Amino acid sequence: DYAARAREWVLNDGFHAPAKASLMADDFVWFGPIVGPLNKQDFLRTVDMFKVYEGFPDLKMHLAEFTRDPVEENRYWSILRLE
């Protein structure tokens, strides 16, 4: 189930909890609006260096259910709210 896998990734992406490298393909590439592209090794080093989850220990994440994009079938969407 791709929606469940997407949810597991967001919950373990390295920003809200330590990154789970096992969820990432060997050819993983992360693209951000300013930073990137980062390969798997560089991404893991970067999120491990910042440890956002330690800087904001009281941060609460509310993640809506993922839904499949009607046009791009391999894309899933959700809403993430931080408190």
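These figures come from a predicted structure and were not determined experimentally.
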> Hey, are the side chains of Val47 and Phe15 touching, using non-hydrogen atoms and a 4.5 Å cut-off?
Replying inline: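 Of all side-chain heavy-atom pairs linking Phe15 with Val47, at least one is under 4.5 Å.
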>> With heavy-atom distances below 4.5 Å as the criterion, would you say the side chains of Leu82 and Phe56 are in contact?
In response: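 No, too far: nothing below the 4.5 Å cut-off.
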Please report the interatomic distance [atom1]([X]) to [atom2]([Y]), rounded to the nearest 0.5 Å.
X	Y	atom1	atom2	result
Tyr76	Asp1	OH	CG	7.0 Å
Leu59	His16	CG	NE2	6.5 Å
Arg5	Leu23	CZ	CG	8.5 Å
Tyr53	Met61	OH	CE	13.0 Å
Lys60	Glu83	NZ	CD	5.5 Å

>> Could you report the tightest heavy-atom contact between Ser78 and Ala64, atom names first, then the distance?
In response: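 For Ser78 versus Ala64, the nearest heavy atoms are OG-O, 2.6 Å.
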>> side-chain contact (heavy atoms from CB on, under 4.5 Å) for Trp30 and Thr46? Distances and angles first, verdict last.
In response: CA-CA 11 Å; Trp30 185 85; Thr46 300; over 6 Å; no
Quiz: residues 31-44 side-chain donor-acceptor pairs under 3.5 angstrom, not counting sequence neighbours:
residue : atom : partner : partner atom : Å
Asn39   : OD1  : Gln41   : N            : 3.2
Asn39   : OD1  : Asp42   : N            : 2.8
Lys40   : NZ   : Met24   : O            : 3.3
Asp42   : OD1  : Arg45   : NH2          : 2.5

> More than 12 non-hydrogen atoms from neighbouring residues, nucleotides or ligands closer than 6.0 Å to CG on Asp69, yes or no?
Replying inline: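 Enclosed.
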> Are Leu11 and Phe66 joined in one hydrophobic group, where the rule is that I, L, V, M, F, W and Y side chains link up if heavy atoms are under 4.5 Å apart?
Replying inline: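 Linked, Leu11 and Phe66 end up in one cluster.
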> Between Phe28 and Trp9, does the ring centroid distance fall short of 6.0 Å?
Replying inline: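 Ring centroids of Phe28 and Trp9 are less than 6.0 Å from each other.
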